[in-house]
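So the structure is just underneath, and the comments pick up after that.
Chain letters run A, B, ... following the sequence lines, proteins first, then strands; residues in each count from 1. All values below come from the heavy atoms of this structure, side chains included, with hydrogens, waters and symmetry mates left out.
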Amino acid sequence: MLWPLFLLVTAIHAELCQPDAENAFKVRLSIKTALGDKAYAWDINEEYLFRAMVAFSMRKVPKRETTEIAHVLLCNVTQRVSFWFVVTDPSKNHTLPAAEIQSAIRMNRNRINNAFSLSDQTLEFLKIPSTLAPPVDPSVPIWIIIFGVIFCIIIVATTLLILSGIWQSRRKNMEPSEMVDAEDKRENMITVENGIPCDSLDAKGGHINDAFMTEDERLTPL
Amino acid sequence: MEKARPQWANPLQFVFACISYAVGLGNVWRFPYLCQMYGGGSFLIPYLIMLVVEGMPLLYMELAVGQRMRQGSIGAWRTISPYLGGVGVASVLVSFFLSMYYNVINAWAFWYLFHSFQNPLPWSVCPLNGNRTGYDAECEAASSTQYFWYRKTLNISPSIQESGAVQWEPALCLILAWLVVYLCILRGTESTGKVEQLANPRTWINAATQIFFSLGLGFGSLIAFASYNEPSNDCQKHAIIVSLINSATSIFASIVTFSIYGFKATFNYENCLNKMILLLTNSFDLEDGFLTASNLEQVKDHLASAYPSKYSEVLPYIKNCSLESELDTAVQGTGLAFIVYSEAIKNMEVSQLWSVLYFFMLLMLGIGSMLGNTAAILTPLTDSKVISSHLPKEVISGLVCLISCAVGMLFTMEAGNYWFDIFNDYAATLSLLLIVLVETIAVCYVYGLRRFESDLKAMTGRALSWYWKVMWAGVSPLLIVSLFAFYLSDYILSGTLRYQAWDAFQGQLVTKDYPAYALAVIGLLVASSTMCIPLGALGTFITRHLKRGDPAPVA
């Protein structure tokens, strides 16, 4: 006599939890990718834990404190491991709205991940985006600090070089001996003829004028 | 009578200055690319032939001219013939164009260097989007290194027409780069030599071009450096040493770059495979870990036959991962230096250390070449009595740096990278070929090869080998003429010029046409430097004609 009732209940349950049903969410786990050798097998007990975690998340939502594990329905478990789930209300006739489930899961995502030793990438709730951790943003960007240091060093070095150049030229100007200057200038000057420097000739050591070479030959050697 | 010319403290300083000028970023990011595109190791054959036939003779000639005339490029060419002062002016102008945009690369290197002191490296992770549910859309479409380069560093606009505003971060780095250059050239020549720790006709043309530009001929920098030499310096030996070291550095850099290419290709290939595996595993709810790289193809075939309808739904997203196609995507230029290398670095252990070392190396290369460039501009200016009598050397250097920095701000705008590419591709290429051609003809035929030969013999005490004479008088000018003719016909035949613009939505580069005013700027760049030569000759001719017309007595 209870059989028809049982069949009816399972039929209703089957209708409530179906792929792409209203308020149903698909979950995908990548246990082998996350844990490698330490991967556990996905069995009914793991499913029980999952249902418990979802019920726990829903109990934190105001007005849903009476959610039980039995209200969470799983279906279509595949090898992947992936499955669909819905959360029903205490009467077990309707499913709770997707928005509530979404916000509940998002609030407790960390706890759910930790229960299974997985992460946001390996325990995926499709259509429930997770909040990503923002990167650390220091108040002053690091690169400006380093830039400032190098900039100051370069400015100081440039100023020192310019000042030392001015100081040196002032010291040279203050030397009284103009004669010394002129002599220095003459020594350092290089004769330029037609724009071509004549320093291939050694001006200091004198040079041999070939035109007079023949003079020696006029005198007969003794 | 003129004041003593400053000189190098010893010949080694001169050699190092030349090496640091010649060994630049082109050795790192252009030569390995050419090797890959034109047959790998076999590219070395045309490269080495062109080195011996074109590179060394022209390098020796420029050094010899500088050492003989003991002046910067303008004075040196005016001495050879009064009608050729325009060649020197053209060299200075091209050097000026180069210094305007080249230092922007150093600014980028500084930017990346300062950002290397963080964990994790900023180009290894994508930033989050507005509501923190995923990553930034542009970063997802492209990759994190490309996003950091195009969005964070350049903040590039979708096309060259949309200029945007000057970005203050790269502008600051550009100012710093110019300050560093100014600091180095402040003390003049003596400080720039400080030790820096250096079958297919397309193949031959590229080898010839690479040697030509890699050695930095025609800018006047080598003439400037050599003009500070002792007259008796053996510049023949130094020319050979500098060109050999330049080529050795290129070859060494390509070994490193090839390993980076291979690393990147393998990494991308494995990433692609993993993405495909995940896609199939999720679509068909297969067991996690069942699909591996080895059985991927078999399983794909099985799925295609077992679930044809579902497979056809997934088919548009399936990519055929191939290591060969990854290896074939060679990159050159700023893309190689700032995207490919930084991507490789972010995947290494202790990536901060490698990053700092790598960008420091880029900086050393870039600043070394910049010093040569500024020497090419400053030497003629300080040689000229008109300017140097009114302003001290420090002020002239400061003014040149200031003007170049101000114009360089153009390249820090949002569309700056597009203008950078224009300058990089067109400011120096055709004009340099023409300048060096005129230089070679001037030395051999206007000044006279015999006269130059006897000058060199008197200066250095060594006779000129027949090899250099044959190269200078015949082979090198012929080569340059053919290169010039090829590039000119190439530009004319290829029709309208196009450029690569960054599309933020697709996350990749798209080809666009240059607008009219950009084409005008390109034409102006090429014309302004090439026209200097005939205009200089014309100007001298007119002034001489006027002087002869005057009845003033000549002593």
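Annotation for Asp288(B) and Ile31(A): closest pair OD2-N, 3.3 Å, computed over non-hydrogen atoms. Leu186(B) and Thr158(A) make their closest contact through CD2-O, 4.0 Å (heavy atoms, listed as atom of the first residue, atom of the second, distance).
Chain B forms the most heavy-atom pairs under 4.5 Å with one residue out of Leu161(A), Thr33(A), Ile162(A), Ile150(A), and that residue is Leu161(A). Most heavy-atom pairs under 4.5 Å with chain A, from the set Asn282(B), Val125(B), Leu113(B): that is Asn282(B).
Within 6.0 Å of OH on Tyr135(B) lie no more than 12 heavy atoms contributed by other residues, nucleotides or ligands. Within a 6.0 Å sphere centred on NZ of Lys457(B), other residues, nucleotides and ligands contribute 12 heavy atoms or fewer. Environment of NZ in Lys26(A): crowded, with over 12 heavy atoms of neighbouring residues, nucleotides or ligands closer than 6.0 Å. Counted within 6.0 Å of CZ on Arg78(B), heavy atoms from surrounding residues, nucleotides or ligands total 12 or fewer; the atom is thus considered open. Within 6.0 Å of CG in Leu163(A) there are more than 12 heavy atoms belonging to other residues, nucleotides or ligands. Residue Phe360(B) places its CZ atom among 12 or fewer non-hydrogen atoms of other residues, nucleotides or ligands, all under 6.0 Å distant. Counted within 6.0 Å of CZ on Arg111(A), heavy atoms from surrounding residues, nucleotides or ligands total 12 or fewer; the atom is thus considered open.
Taking NZ from Lys32(A) and CZ from Phe290(B), the interatomic distance works out to 10.5 Å, rounded to the nearest 0.5 Å. Here the CG-CD1 distance, from Leu183(B) to Ile153(A), works out to 11.0 Å after rounding to the nearest 0.5 Å. Atoms CD1 and NE2, from Ile142(A) and His115(B) in turn, are 9.0 Å apart once rounded to the nearest 0.5 Å. Here the CG atom belonging to Leu176(B) is positioned 5.5 Å from the CZ atom belonging to Phe147(A), to the nearest 0.5 angstrom.
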Inset, instruction - Please test Gln118(B) against Ile146(A) for side-chain contact (heavy atoms from CB on, under 4.5 Å), starting from the C-alpha separation and ending with a verdict. - result: CA-CA 11 Å; Gln118(B) 293 172 21; Ile146(A) 304 173; over 6 Å; no
Inset, instruction - Show the numbers, then the answer: is there a side-chain contact (heavy atoms from CB on, under 4.5 Å) between Glu287(B) and Val81(A)? - result: CA-CA 7 Å; Glu287(B) 190 186 328; Val81(A) 174; over 6 Å; no
Inset, instruction - Might you work through the side-chain contact (heavy atoms from CB on, under 4.5 Å) test for Leu286(B) and Gln79(A), ending with a clear yes or no? - result: CA-CA 6 Å; Leu286(B) 304 168; Gln79(A) 276 182 316; 5.7 Å; no
Inset, instruction - Go through the steps for Cys173(B) and Trp143(A) under the test side-chain contact (heavy atoms from CB on, under 4.5 Å), then give the verdict. - result: CA-CA 11 Å; Cys173(B) 292; Trp143(A) 77 271; 4.3 Å; yes
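With a 4.5 Å cut-off on side-chain heavy atoms, Phe151(A) and Ile175(B) count as touching. Here the side chains of Arg28(A) and Thr281(B) are not in contact, with every heavy-atom distance at 4.5 Å or above. The shortest side-chain heavy-atom distance between Phe114(B) and Val149(A) does not fall under the 4.5 Å cut-off.
Residue contact with chain B, scored on non-hydrogen atoms closer than 4.5 Å, involves the backbone and the side chain of Ser30(A) alike. The contact between Tyr182(B) and chain A is made entirely by side chain atoms (from C-beta outward), counting heavy-atom distances below 4.5 Å.
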